[in-house]
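Data first, discussion second: the structure below is written as structure tokens.
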Amino acid sequence: MSQLTVAKFGGTSVADHQAMLRCAHIIKNDPSNRIVAVSASAGVTNLLVRLSSPNVDAIEQQNIIEQIKNIQHNITQHLRTEIELNQQIEKLLAELASYAQAQSLNACSRIADAILSFGEQMSSRIFADVLQSIGVNGRYFDVRQVMKTNNLYGKAVVNTALLSANCQQQLAPLLANQVTVTQGFIGQDDESYTTTLGRGGSDYSAALLAEALNADNLAIWTDVVGIFTTDPRITDQARAIKEISFGEAAEMATFGAKILHPATLIPAMRHNIPVFVGSSKEPEKGGT
Ligand code: ASP
Ligand code: MG
């Protein structure tokens, strides 16, 4: 096996079929991309957050689940595997509905995390099929098999030693034959309950996977063409930064540059893994 890149696609990058297709081509164009961690399709996690709050009545629950279903069906309708995929999604949504009902009766943080995990569970299944639709052997993998955490629901802490052992055992052998598509943001505690790593946690998941697999590169694909000196939405004086040290980037993340999750870089720093940040909409523009 030559180079290994772990690629992460954020919510806007997997928002619809066109966006997912662009990401699939990014994977296809660089064969070092062997592990892909995806966020939930844009908007889905926010809907799930609402669903996970106490006192959501049955009508609103149904309405939210319907909205989520539409977001995902708008993608699956473009795929040859639409029927099978929709069956899987229906099954997940039925499970989601029962968690939502339980939560509305007796809210707890454990069920909230179960609810929040469904966005990534769906987007990762769909993205694997989008890869297949362009001839890449994309395969779904449930990250909860390797991403073991404590039970601090909503902000779970990953057991990196266990993650590393699990990745070597379960993911490393798959690298040669497939592109493994898995979830950012979610994990599992030692009682097999689903956990989440905190909002925006997919970047961190990807960095942890890169560290655990000794990856050569971590690619964070988002909706901006790299890290800017200032927020490009606020001023047209903003300049894309070609290269930035870990320390400076972490500082910018902490101070609200909002491109990278503050903790994202820690695993990459520990392991000295170069991190690329670019736009999945305009990959040809390069990035940081
Ligand atoms: N889907 C999760 C969120 O929106 C995780 C992520 O996108 O990084 O917070
Ligand atoms: Mg997101």
Side-chain angles (χ1 to χ4, degrees), residues 6-16 19-20 22-23 35-53 64-65 67-69 71-72 75 89 92-93 96 99-100 109 111-128 140-144 147 149 152-158 163 181-188 194-211 218-224 227 249-250 253-254 256-268 275-281:
V6 173
K8 177 259 175 176
F9 294 107
T12 51
S13 297
V14 293
D16 52 38
M20 279 203 185
R22 279 194 295 261
C23 297
I35 303 279
V36 180
V38 294
S39 290
S41 299
V44 171
T45 307
N46 286 345
L47 288 165
L48 292 169
V49 167
R50 175 64 196 144
L51 200 56
S52 72
S53 46
I64 291 171
I65 289 172
Q67 288 182 59
I68 294 173
K69 185 160 123 180
I71 293 172
Q72 308 293 224
I75 308 177
I89 288 166
L92 288 169
L93 291 177
L96 173 61
Y99 280 121
S109 58
I111 297 180
D113 264 12
I115 290 173
L116 293 185
S117 73
F118 280 87
E120 275 73 9
Q121 291 192 60
M122 291 185 286
S123 61
S124 54
R125 280 178 172 81
I126 298 170
F127 188 67
Y140 169 88
F141 180 85
D142 190 331
V143 86
R144 293 171 294 187
M147 195 68 76
T149 73
L152 206 63
Y153 301 111
K155 201 90 194 107
V157 178
V158 175
L163 169 66
V181 181
T182 196
Q183 307 79 38
F185 182 53
I186 74 175
Q188 188 180 66
T194 298
T195 56
T196 65
L197 312 185
R199 290 302 306 271
S202 293
D203 293 339
Y204 184 50
S205 301
L208 285 169
L209 289 169
E211 181 184 37
L218 168 62
I220 305 280
W221 293 100
T222 172
D223 52 7
V224 287
I227 298 176
T254 309
K258 268 197 173 161
I259 292 168
L260 291 175
H261 185 270
T264 301
L265 298 177
I266 295 168
V275 180
F276 168 83
V277 180
S279 167
S280 66
K281 247 188 191 155

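We count residues from 1, following the sequence as given. Whatever order the structure lists ligands and atoms in, that order sets their numbers, starting from 1. The basis for the numbers below is simple: all heavy atoms, side chains too, and nothing from hydrogens, waters or symmetry mates. Since we're looking at a predicted model, the values are computed, not measured.
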Checklist line | Short N or O distance, S39 and ligand 1, threshold 3.5 Å exclusive | finding: yes
Item checked: T196-D113 side chain donor-acceptor pair, cut-off 3.5 Å -> yes
Next item on the list: Would you mind running through ligand 1 and noting each atom that sits below 4.0 Å from a heavy atom of S202?
Entry: 5 (C), 6 (C), 7 (O), 8 (O)
Check: Touching ligand 1 at all, G200? Heavy atoms, strictly under 4.0 Å?
Finding: yes
Checklist line | Heavy-atom pair of closest approach, residues L208 and P267 | finding: CD2-CG, 3.7 Å
Next item on the list: Say whether S124 and Q183, considering side chains only, have a donor N or O and an acceptor N or O under 3.5 Å apart.
Entry: yes
Note to self: Counting neighbours of OH on Y99 that are heavy atoms of other residues, nucleotides or ligands and sit closer than 6.0 Å, is the number greater than 12?
What the structure shows: no
Next item on the list: Give the numbers and elements of all ligand 1 atoms closer than 4.0 Å to a heavy atom of E120.
Entry: 1 (N), 2 (C), 5 (C)
Item checked: Distance filter under 4.0 Å to R199 heavy atoms, resulting ligand 1 atoms -> 3 (C), 4 (O), 9 (O)
Item checked: Heavy-atom closest pair, residues T182 and V143 -> OG1-CB, 3.1 Å
Checklist line | Heavy-atom gap G201 to ligand 1 smaller than 4.0 Å | finding: yes
